Asker: 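Just dropping this structure here.
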There are 2 protein chains.
Amino acid sequence: MLELDVKSRVPIYEQLVEKIKELIIMEVLKEHEQLPSVRSLASELTINPNTIQKAYRELENQGYIYSIPGKGNFVAPINKNKKLEKVNKLKEELKRLILEAIYLGITKEELMELYDSVNKEIKEGRR
Amino acid sequence: MLELDVKSRVPIYEQLVEKIKELIIMEVLKEHEQLPSVRSLASELTINPNTIQKAYRELENQGYIYSIPGKGNFVAPINKNKKLEKVNKLKEELKRLILEAIYLGITKEELMELYDSVNKEIKEGRR
DNA sequence: ATAACTGTAATAGTAATGTTAATACAGATA
DNA sequence: TATCTGTATTAACATTACTATTACAGTTAT
């Protein structure tokens, strides 16, 4: 569920943050659902507990989870603004790529084809 | 022309490589055109000559430029396969983002709107 | 030929950052 | 009481990018 790339330039804790954000926004993780404990997740992923804690701390700062000392970390109940935030961020990224694409001569039609091919892959369950 | 972000996670030499690649593919830099010397570019950007050299070396390895010791570094005369490579890479990136976008509920129409807005900006000379 | 450019090379040092390791303490719970 | 949980702290390690410095050789113009 949480696949990490230890050789990546982006640090492990940040990969974790992004992956877990994703799960929360996609509502794979539900409100108030408990996350794996710092230690258990660390041993499962065979990385240091400090790294997990750093990720959880960051998620808490960003309002995605809340923690109860002694009990655990839980999914925060907000999700609406967060989703909008995410959508806007994604759109900005898309615009950046589209700009470059246009300069490289990629047409609107080609972009639509890309959309369709991805959409098809999803429907066929290949993702 | 070459704007660097020293605070970025991606290293300076790699930013340089990408920017210069871009200029070559867009044919802003023409075949056999001489690039700034290692030392002059270094002093212009106020970074170390070694960093420039590392970028040039990388560009040479990737076939974008060639160097003549004692003379300088020059734009290589290939550009066709390189452009295709770049386009394909960009399309892969786009697919990745589109996949995420679909999961977040972004429609094909919204994507088209993004394309149009970027296109409009270009035409209006805002880019 | 000399000076002033070019690229290339090697080495050492510095700085930042992520990660690990080891402990410790306190709240929660069975 | 034992065993979970989160939290905190400190030190050490590893990697990497970048800088600094010096040196050598080819090119070119004066």
Side-chain angles (χ1 to χ4, degrees), chain A residues 2-21 24 29-77, chain B residues 2-21 24 29-77:
Chain A
L2 291 174
E3 290 149 22
L4 300 179
D5 177 6
V6 291
K7 332 201 73 175
S8 165
R9 179 146 55 208
V10 13
I12 293 175
Y13 82 90
E14 207 165 313
Q15 293 181 47
L16 272 173
V17 167
E18 290 310 314
K19 299 264 186 190
I20 294 174
K21 262 194 205 177
I24 292 175
L29 295 174
K30 316 290 187 187
E31 285 189 3
H32 305 298
E33 182 172 341
Q34 184 163 10
L35 296 165
S37 81
V38 168
R39 289 176 180 82
S40 69
L41 186 53
S43 90
E44 183 183 333
L45 301 177
T46 59
I47 57 182
N48 195 282
N50 293 354
T51 306
I52 307 290
Q53 203 202 339
K54 191 169 182 182
Y56 279 1
R57 171 68 57 89
E58 178 65 20
L59 283 165
E60 188 177 24
N61 286 339
Q62 293 188 28
Y64 285 88
I65 70 177
Y66 61 93
S67 98
I68 304 178
K71 294 197 70 175
N73 286 278
F74 304 87
V75 177
Chain B
L2 290 174
E3 290 150 21
L4 299 179
D5 177 6
V6 291
K7 333 200 72 174
S8 165
R9 178 146 54 208
V10 13
I12 293 175
Y13 79 92
E14 206 164 313
Q15 292 180 50
L16 272 173
V17 168
E18 289 310 314
K19 300 263 186 191
I20 294 174
K21 262 194 206 176
I24 292 175
L29 297 173
K30 317 288 188 187
E31 282 189 6
H32 305 297
E33 181 172 343
Q34 184 164 11
L35 296 165
S37 80
V38 168
R39 289 177 180 82
S40 68
L41 187 53
S43 90
E44 184 182 331
L45 300 177
T46 60
I47 56 182
N48 195 282
N50 294 354
T51 306
I52 307 290
Q53 202 202 338
K54 190 169 183 183
Y56 280 1
R57 170 69 57 89
E58 178 66 19
L59 283 165
E60 189 178 23
N61 286 339
Q62 293 188 26
Y64 285 88
I65 69 177
Y66 61 93
S67 100
I68 304 179
K71 296 196 71 176
N73 286 276
F74 305 87
V75 177

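A, B, ... follow the sequence lines: proteins, then strands. Residue 1 opens every chain. No hydrogens, no waters, no symmetry mates; every other heavy atom, side chains included, goes into these values. This is a predicted model, so every value here is computed, not measured.
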Asker: Just how far, in rounded Å, is P of D:dT7 from CG of A:Leu59?
Answerer: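 Roughly 12 Å, once rounded to whole Å.
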Asker: For DNA chain C, which residues of residues 2-14 of chain B approach it to below 4.0 angstrom with any heavy atom?
Answerer: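 Output list: empty, so none.
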Asker: Using the salt bridge (Lys or Arg N to Asp or Glu O under 4.0 Å) criterion, which residues pair with B:Lys54? Sequence neighbours excluded.
Answerer: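 With sequence neighbours excluded, B:Lys54 shows a salt bridge (Lys or Arg N to Asp or Glu O under 4.0 Å) to no residue whatsoever.
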Asker: Could you tell me whether a side-chain N or O of B:Gln15 sits under 3.5 Å from a main-chain N or O of B:Asp5, the two making a donor and an acceptor?
Answerer: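 Yes; at least one donor-acceptor contact below 3.5 Å.
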Asker: Under the side-chain hydrogen bond (donor to acceptor under 3.5 Å, both in side chains) definition, can you give me all pairs with a residue in residues 33-42 of chain A, not counting sequence neighbours?
Answerer: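 The answer is A:Ser37-A:Ser40.
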Asker: Can you work out whether B:Thr51 or A:Ser40 has the more 5'-proximal nearest nucleotide on DNA chain D?
Answerer: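 It is A:Ser40 whose nearest nucleotide is closer to the 5' end.
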Asker: Hey, does B:Leu45 have a side-chain heavy atom less than 4.5 Å from the side chain of B:Leu16?
Answerer: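 Yes, side chains in contact.
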Asker: Assuming nearest nucleotide by heavy-atom distance, tell me which of A:Ile68 and A:Ile47 is located more 5' along DNA chain C.
Answerer: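 Counting from the 5' end, the first nearest nucleotide belongs to A:Ile47.
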Asker: Can you check the A:Lys54 NZ to D:dA8 C1' distance for me, whole Å?
Answerer: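 My rounded result for the distance is 15 Å.
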Asker: Please report the distance, rounded to the nearest Å, between CG in B:Asn48 and C1' in D:dA17.
Answerer: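 That distance rounds to 11 Å.
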Asker: Could you state the atom-to-atom distance from OH of A:Tyr66 to C1' of D:dT7 in whole Å?
Answerer: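 One finds 18 Å between C1' of D:dT7 and OH of A:Tyr66, rounded.
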Asker: Taking side chain to side chain donor-acceptor pair (under 3.5 Å) as the test, write out the residues that go with B:Glu14, two or more places apart.
Answerer: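 Listed in chain order: A:Arg9.
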Asker: Would you tell me if any nitrogen or oxygen in the side chain of A:Ser37 comes within less than 4.0 Å of OP1 or OP2 on D:dT5?
Answerer: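 Checking D:dT5 against A:Ser37, a side-chain N or O does come within under 4.0 Å of OP1 or OP2.
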Asker: What is the separation between atom CZ on B:Arg57 and atom P on D:dC18, rounded to the nearest whole Å?
Answerer: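 My rounded result for the distance is 16 Å.
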Asker: Where do B:Ala76 and B:Gly63 come nearest, in terms of heavy atoms and distance?
Answerer: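 Heavy-atom minimum between the residues: CB-O, 3.5 Å.
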Asker: Begin with the C-alpha distance, continue with both residues' side-chain angles, and end with the deciding distance and a verdict on side chain to side chain contact (heavy atoms under 4.5 Å, CB included) for B:Leu41 and B:Leu35.
Answerer: CA-CA 9 Å; B:Leu41 187 53; B:Leu35 296 165; over 6 Å; no
Asker: Identify, with sequence neighbours excluded, every residue that meets side chain to side chain donor-acceptor pair (under 3.5 Å) alongside B:Glu58.
Answerer: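 So B:Glu58 forms a side chain to side chain donor-acceptor pair (under 3.5 Å) with B:Gln62.
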Asker: Can you check nucleotides 10-15 of chain D for protein contacts, nitrogen or oxygen pairs under 3.5 Å, and list what you find?
Answerer:
none

Asker: Any protein N or O atoms within reach of nucleotides 23-26 of chain D? Criterion: under 3.5 Å, listing atom names and distances.
Answerer:
| from | atom 1 | to | atom 2 | distance (Å) |
| --- | --- | --- | --- | --- |
| D:dG26 | N2 | B:Gly70 | O | 3.3 |

Asker: Students should find this one: the first and last nucleotides of DNA chain C, 5' to 3', lying under 4.0 Å from a heavy atom of chain A. What are they?
Answerer: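 On DNA chain C, the outermost contacted nucleotides are C:dG18 to C:dT29.
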Asker: What residues, two or more places apart in sequence or in another chain, satisfy ring-ring contact (aromatic ring centres under 6.0 Å, His included) together with A:Tyr66?
Answerer: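 Applying ring-ring contact (aromatic ring centres under 6.0 Å, His included) to A:Tyr66 gives A:His32, A:Phe74.
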Asker: Do B:Asn73 and B:Leu59 make a side-chain contact, defined as non-hydrogen atoms from C-beta onward lying under 4.5 Å apart?
Answerer: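 In short, these two side chains do not touch, never coming nearer than 4.5 Å.
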Asker: Is the distance from OP1 or OP2 of D:dT5 to the nearest side-chain N or O of A:Asn73 less than 4.0 Å?
Answerer: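 For A:Asn73, the contact criterion (side-chain N or O under 4.0 Å from OP1 or OP2 of D:dT5) is not met.
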Asker: Going by salt bridge (Lys or Arg N to Asp or Glu O under 4.0 Å), name the residues that satisfy it together with A:Glu18, two or more places apart in sequence or in a different chain.
Answerer: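 Salt bridge (Lys or Arg N to Asp or Glu O under 4.0 Å) check on A:Glu18 returns A:Lys21.
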Asker: Would you compute the distance between atom CD1 of B:Ile24 and atom CD of B:Glu31 and round it to the nearest 0.5 angstrom?
Answerer: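 Answer rounded to 0.5 Å: 10.5 Å.
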Asker: Taking side chain to side chain donor-acceptor pair (under 3.5 Å) as the test, write out the residues that go with A:Ser43, two or more places apart.
Answerer: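 A:Ser43 satisfies side chain to side chain donor-acceptor pair (under 3.5 Å) with no residue once adjacent residues are dropped.
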Asker: Quick test of your reading: applying ring pair (Phe, Tyr, Trp, His ring centres under 6.0 Å), list the pairs with at least one residue in residues 38-60 of chain A, sequence neighbours left out, ordered by first then second residue.
Answerer: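 Output for this query is empty, none listed.
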